[in-house]
Structure formats: structure tokens, C-alpha cells
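Have a look at the structure below, then the notes.
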Amino acid sequence: MKTSAEIRETFLQFFESHGHRRVRSSSLVPRNDPTLLFTNAGMNQFKDVFLGREERDYKRAATSQKCMRVSGKHNDLETVGRSRRHHTFFEMLGNFSFGDYFKKGAIDLAWELCTEVYALDKESLRASVYREDDEAYDLWKNRIGLSADRIYRLGKKENFWAMGDTGPCGPCSEVHFDSGVSPQGHSDCAPDCDCGRYLEIWNLVFMQFDRDQSGVTTPLPSPSIDTGMGLERITSLLQGVSSNYDTDLFRPVIDEACRLIGAEYGSQEKSDVSLRILADHSRACAFLISDGVVPGNEGRGYVLRKILRRAIRHAKMLGYEDPIVYTLTSLLADHMKEAYPELGKSRDYAAEVVLNEEKKFSATLHYGLQRLEEIFEQSAKKDEKAIDGKKLFTLYDTYGFPLDLVREIADERNLSIDEKGFYAEMEKQRNRARAAWKGAEQSVTPIYGELAEKGLQTTFTGYDDISEVEGRVLALVRNDRIVDELSQDHEGLVVLDRSPFYSEAGGQVGDRGRIESDDALAEVEDTFSPRAGLRLHRVKMQQGVLKTGDRVASSVLDTERINTARNHTATHLLHAALREVLGEHVKQAGSLVAPDRLRFDFTHYKALTHDELRHIEQLVNEKVAQNIGLRIDIRDFDEALSEGAMALFGEKYDDRVRVVTVPGFSMELCGGTHVGRTGDIAVFKITDEGSISAGVRRVEAITGPRAVNRFLDAEDRLSRVAATLRVGSEEVDGAAERLTRQLKESQKRIEQLQLELAHKDSGKALAEVRDIKGIRVLSRKVENLDRTALRSLAVELRNQLKSGVVVLGMPANGKVSLVAMVTPDLTDRIQANNLIQQIAPVVKGGGGGKPEMAEAGGKDPSKLDSAL
Ligand code: SER
């Protein structure tokens, strides 16, 4: 039997031997494509190549691509488990042609691989083509020799493929495997029937069009090929099993789950569904986390959480109460790390993330069940025919409490639920989410579009030249309008043909400085680039008039620039040090590089210990002291990645990338400005460490003169403390400890003495006892006690009274403390808590207690006498 690893490798080798470049899978988190939540097809990473916006040095490629289909146009989430053929996460094998071979080449290659390499039975293969695609039909019939009864012409739904609502698309042709029998007893069905007779194994898309927002399609620059074959399906065929879940991709996970739970796969449909969901979802979680997604309440994090929770619930449905998914993600990582090394690197981190969610969600389930009971009750009271779908959706949405569980419970009690209402609410929510997702792309100021359309190009000189850079003003903007000039005190935007100003990107803030013409001076407050190629300087005019066409000299504020460079290089060193000290699961989740500080967010599950922080600081400073020269090269993207360069998720990179290397320690794709040698950083100091969301930590740090000053200030402070303590700087900690201990002891002693004094006084106090309606009452003002001593004095007096009421009041620091005591024999006549509630308001306070003892605080010492 062929293993799935061999099947994957065979595919890639086959296409390599036919002139295809083997390209590694891109991340599940798409790079800079706001139309996409997750990578959902092999072609995603080539979208711009299909559209002719980007060129590569190869025209044929083959990949095994990590995909998730859990949202939007391609969503299999609800199908998983019940179907043996669908997954949230799956691997898509694909070959691509960018304006090279087209339909004939694609069909030839597919047929050869299927029949000669994978040796599938020719007699069982069927092809479907798009209804109007005579060319493809003809190729299958006359070139391949498939008889007409084995070729199906199908409609748009089956045989026209599009990535999403917009983007590259085209007619397609699918290869199906006919098992010969319909599990549902159909006698005459076609590949578009989902009875299970036909297994779609390969989709060959003839990429021909680009579809825009309004649905209009325009032809692509050159017809191309995009194919996709689910590894799970082809593996099931080649391994001769009837379900993807019976292949070696899933069985180890299912078997382990069975072992832990004590279940048996194949014994009952209901538990099988749960086991399949558990296996599929654990796998998706492992892959998502290894690509830097962390559970959260929106976007990708929300999807991860939802999948994870579904897995957890299905484990519970199988009767397993303890956390389990985290063991499965680890197993999976061990099993697949050879093909996807990132899984191995994040294995333990993923387990921690998952375990944490598992623990939390148990509580959620518990809470959700309670809330469901309330909903049932309310519904019964109102005599509703069906349980309110809107409420159930809120339950689902807020607590992740799934409808099928509600359905099950409702069934058991013969209740019906308003599923229509539920789904209507879900649809509304989806629309809201979709709007929010698109909004991110569209919320741009129109003026940027207008400037971009003019094709204004700026040459950036600022990697090398930052002062007195000569250039010309190409355009000026004021109040969102293009203008001819900016005069004194105006604020606006300037576009130059050559500029030394770095525009905000990759966490590094935009440069500041000045632009000067013969008679004008503009101060640059920020530089940013709202669209690729467009560099805007936000200026405030200091003097004169700046006109379009003016020759200018531009200078970046060099002190800021060098500090920013220090912080940027230090950020790379920090990143590498974090990975070395904490582990390779550490992934950058965001950063800020400014002249005065740096901030670095990264995935990690717990707070850093003091030792870890110190270790990281030492490591970075060691690299600084080694004064290593940085290397900056423009290189091939894939090559840089395969050598271990770190790239950011969700970031857009060209095929040729800028690689910043600190030899022997760090290599990152980065467009930022850096120091020449690490020694320029001078010194590195972490100033803060904390959590910003579940699984994401943030470190803040400083470098250069600021860090040096911080050390000097600390040293000064230490000397001052030492002088006050009258010891040497090295003895400060011992002396401080000693002093604190002595202080505590002295305080205790003072309290004792105060109490003794107060007790001595109690004889005098007893003389003040009054008799009110046969009750002995003592109310008295005392001073200089703490609250414990005050209470203890009250006890003492009460004991001496034997039977009676004691009220003590004490003013201290502008406040008042009151205590009241009543001996047990009198509490049926008078209660300390009632008493205190009557007198506390007199001193503007409140309190409470028990019939025998009560206390209060107040804010007005001047009324204490009258209260007493
Ligand atoms: N893009 C097509 C699909 O996903 C073929 O790879 O089916």
C-alpha cells in the first residue's frame, strides 16, 4: 500500500519531471488578500500571477497546498463528519501553468498521472466538462479516447470554478472515479449526483477570466491552468478504503481518540460522526495554530475557536470529560511534521493553546446548558410553539453552543425549535461579518486613489541617502484636494519624484524631517504609503510657498532615523532571541519600531519569567557587543524562505525580496532601515512584558542613548538610596530588607504599647458607665490605636462590664472608626449591628456586623462626639 506521504511526493515529482517548479505551500493565512479569510485553494498564492500583475521566473508550478474551507463560497464545515469525504483542513495537490500549456496539456498530464503513475483503472474514470466547452469535450473524447457515455456536460455549478466573488475564474473539467454502485440504489445517475457512487478526484480549471466586484468578467492576459486534487481522496482510492478517514492521514488520530475514550470506530454511526469530527478538527487546529492563528472572538481566531469547540463538544458527546484535543494535535504534529516542519516546531505551543481552550470551554458548555434550560423555561411559560431561534442563535454565537446539541436535547423532550429563525439570524450575522471584512479594504480616502491613478512614482533613496536629497514636487494636496501650492502655515501632503523619507511599513514608523525649496520650508511630520508605489509626506509649511514642479532638497531628521534603525535591528535580534530562548513556536504577531522605543508582539502562552527575560536581554546584548556587520540582499522569495528567513503572515511579498541578515543569528524579510553593524545599537533593555490577548505576549524595549540613560538613572537612584541607608551600593538590598523587618517589628511593639496604655485607661473608662433603662452603657472616644487594638480594647471593656453595651469611636487621619459590642444576654433587647447603623450616618459613614459585634467607618470626625 502506498502511504499518503508517498502519494504526495509522487505527485510533486511527476510534475517536476514535466518541467514544473516545486513551490512550497503558502500559509493558511493568506498574504495581503483582504478578500480571503483562509487560503482555500492551491491557486491563491498565484492569484496575481494569473491576473498578470506579477511575474515569476517559472511558467509551470506544482504544490501541495494547505487549505481551509470554512467560510464564504467554499464552506465545508457543517458537512464534516457526516460526510466521509469533506474536511475543514485538507491538502490540495495542484499543477499550474501561467500562460504556458492550456487545456490539452492539462488533460494529458492528468490522464497520464492517473492511469500510468497512480495506475487507477481506466475503465472507472469519468470526465465532466462545462456544458459549452466543446474543446474540452473533444479532447477527452478524441485525444484521450473516453467514450461519449463517460463524458458528462454539466452546468455552472459543477463546472465553472471561481476563487470567490471576485478574481480569476474559468470553466473546468473534473476527473471522477466511478465505483459502479450507488449506495442509495440509484440506477442512472451522473457525477453531479451526491449519492456516493462517483468520487470527484481532480478539478482542472481552465483559468480564463477575471471577475470584478460587479460580476463583469474580462479575459486574463493569458489562458492558464489551475488544478486541484484532494490528497485525502486520492489516498483513499489508492489505499482501497471507502472513506478519507480510513486512510493513514486520519486513522492514527482516530485510533488514539478511541483508545483514550474507550470507543470503537465503526461500531455506531453516531459515535463515528463524532470521531471523524474530532479527528478533522484537531488536525485543522494544529495547522492553524502552527500558522500563527490564536483562538479569539473575531476573524480567523474566531474560526479556530469555533472548530476547536466543536471538537471538544464531540469528545464530550462520546462521553469523555477530560481535555483530549491537545493530545491529538500533538500526535498529528508528530505524524505530519516531515511534510510540514512548522507543525513540529509549534507542537508543544499548540498543545498548550488547545489545552487552555479546552479547560475554558468546559465551563462554557456547562454555562450554555444552564442558559438553554432558562430558554426552555421561558418558552414554556409563553407557551411558544417552537423555541425562539433568535435566542438560540445568541446562545450559539455568544457561548459557542451549537444548534445540533440544542436539537438533540429538544428532541429528547419533544420540543420543537425555530430553526428558520436561527438561520435567518445567522445569515444576518454573516452579512455583518462580510461587510466588516470588505470594509477593511474599501475604507480608503478617495484622494489616494486619485493620486495613484496619476501614476506618480517616487524613487526611495533613503536606504543610503538621507540628507539634502534633490528632487521635484510632483503633486500637492490640501484638504483632500490636489492643489498647485502650499503656503505658510498650510498643512498638506507632498509627493516627490525622489524621497529619502521611509514611509510607515512593517511596524517601522514613517520618517520626519524637512523639505526645502529656494524660498520655502516644509516640515515633514510623517511619511506613509496608502497604496503600493505612492509615498506621501504629511507636511506643515514653516515659511514661503511650495509649488508643484519646485526643485527641492529633502532631509530626514537624522537623530531620529539612527534611533529608529537601532530599534529596528534590535527588533530582529529580539525576535531571534525569543525563538532561541522560548522555542520556535514564537511568531511575530505585530511590531512597532519608533525612534524612542520598540514593541514586539508574538505568540507564546505564558508570561515570561524573570530568568527568561534576563536571558533574552543578555543574548541580544551579546550580539550587540559582537558588533556583527548586517547583510542586506535582494533575493528570491522561496530561496530565502527555504534558508530559514522569517516572513510575516498576512504580509505581501514580491517574488524578489529584501533580506536583512545578522549573520549567524537572524534572517528576516524586511523593507525597513537598519544599522550597519549591531554595535551601533549600543545597548538593549526590555522595559515591559505583558499579555495583549490569549496566547499573544508583548515586549517593549529601548536601545541606544535612551537605554544608556535608563541605566545611568537607575545607577543614580541606587546611589541616592544607598546614601539614605548609609551603606554602599552593593549592600542596598540587604539593608533595605533589614530595615523593613525592623520597621515591622517596631510597629508591632508600638501597637502593643498603645493597647497596654488603653487598657490601663479602662479603669477610668468604667467610671463613665451610664445606666440607661437598666442597661450598662459605655460610649467613649479613644485615640492612637489601630483597628485591631480598637477592637481588642472594646472586648476588654465588654468583659469587664459583664453585661452591657460598649461603643468606641476613634478619629484618625480625617476619618472615624466605630466599634459597638453588646453582651449576649442583651442581644434580644439591643443589637450591635442595629446600633452601628444608627450612629454611623452621624459621622457620614456606614457599616454592619452581628448582634454582638459591629463596626463602621465614617468621614466626619467633627461629629464623633455627637455620635457617641
Ligand atoms: N482551484 C480549483 C479548486 O480549488 C482547482 O485547484 O478546485
Side-chain angles (χ1 to χ4, degrees), residues 8 11-12 14-15 20-26 28 30 33 35-51 60-77 79 83 85-98 100-103 105-107 109-111 113-114 127-130 133 136 154-177 191-192 194 198-211 217 220 223-234 244:
R8 185 193 298 116
F11 180 95
L12 295 170
F14 172 79
F15 283 101
H20 292 65
R21 171 78 60 86
R22 184 194 289 231
V23 177
R24 41 185 283 154
S25 170
S26 63
L28 282 170
D33 189 341
T35 66
L36 211 54
L37 190 58
F38 289 112
T39 299
N40 66 6
M43 54 74 63
N44 292 168
Q45 65 166 318
F46 302 115
K47 180 177 168 186
D48 282 351
V49 188
F50 285 123
L51 294 174
R60 301 175 173 204
T63 59
S64 165
Q65 174 66 49
K66 302 184 277 189
C67 296
M68 285 285 293
R69 290 197 167 170
V70 287
S71 66
K73 193 170 156 56
H74 303 283
N75 185 352
D76 292 331
L77 182 62
T79 324
S83 147
R85 298 295 187 189
H86 289 83
H87 308 287
T88 51
F89 169 88
F90 68 102
E91 289 174 79
M92 185 186 280
L93 302 169
N95 58 293
F96 306 91
S97 148
F98 311 113
D100 193 44
Y101 59 82
F102 197 44
K103 295 184 188 178
I107 290 175
L109 285 165
W111 187 253
L113 181 71
C114 283
S128 67
V129 299
Y130 181 47
D133 192 349
L154 300 177
K156 257 202 159 144
K157 187 167 154 273
E158 282 78 24
N159 282 72
F160 194 94
W161 198 87
M163 172 182 152
D165 296 334
T166 62
C169 55
C172 60
S173 175
E174 291 171 337
V175 181
H176 298 264
F177 187 88
D192 56 344
D194 52 16
Y198 296 94
L199 178 64
E200 177 206 324
I201 50 178
W202 205 342
N203 185 14
L204 317 176
V205 183
F206 310 131
M207 285 292 188
Q208 269 170 294
F209 307 106
D210 176 17
R211 186 154 56 191
T217 55
L220 290 180
S224 295
I225 290 297
D226 149 37
T227 85
M229 167 152 73
L231 174 69
E232 297 74 11
R233 290 187 181 185
I234 187 71
N244 297 2

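Note that ligands are numbered from 1 as they come in the structure, with each ligand's atoms numbered from 1 the same way.
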Report summary line: ligand 1 to V205, heavy atom cutoff 4.0 Å, flagged ligand atoms 2 (C), 5 (C)
Query raised in the report: With only distance considered, is D226 within less than 3.5 Å of ligand 1 through an N or O on each side?
Result: yes
Query raised in the report: Does ligand 1 have any atom sitting under 4.0 Å from a heavy atom of M229?
Result: no
Query - With sequence neighbours excluded, residues passing ring-ring contact (aromatic ring centres under 6.0 Å, His included) with H176 - result: none
Report task. Could you check if a side-chain atom of R60 sits within less than 4.5 angstrom of a side-chain atom of Y101, using non-hydrogen atoms only? Result -> yes
Query raised in the report: With a cut-off of 4.0 Å, which atoms of ligand 1 are near a heavy atom of M92?
Result: 3 (C), 4 (O), 6 (O)
Requested in this report: State which residue, out of P223, C169, P168, fulfils the side chain to side chain contact (heavy atoms under 4.5 Å, CB included) condition with F209.
Outcome: C169
Query raised in the report: Do the side chains of M163 and D226 get nearer than 4.5 Å, heavy atoms only?
Result: no
Query raised in the report: Counting heavy atoms only, which part of M163 comes closer than 4.0 Å to ligand 1: side chain, backbone, both or neither?
Result: neither
Query raised in the report: Counting from 1, what ligand 1 atoms have a heavy atom of N203 closer than 4.0 Å?
Result: 2 (C), 3 (C), 5 (C), 7 (O)
Report summary line: Residues at least two apart in sequence or cross-chain that pass salt bridge (charged side-chain N to carboxylate O under 4.0 Å, His left out) with E174, listed by chain then number, are none
Query raised in the report: Could an N or O of ligand 1 be found under 3.5 Å from any N or O of G228, whether backbone or side chain?
Result: yes
Query - Check: F177 ring centre within less than 6.0 Å of Y198 ring centre - result: no
Requested in this report: Could you tell me how the ring of F15 sits relative to the ring of F11: parallel (under 30°), tilted (30 to 60°) or perpendicular (over 60°)?
Outcome: tilted
Report summary line: The answer for which part of T227 has a heavy atom under 4.0 Å from ligand 1 is backbone
Query raised in the report: Can a non-hydrogen atom of R69 be found less than 4.0 Å from any atom of ligand 1?
Result: yes
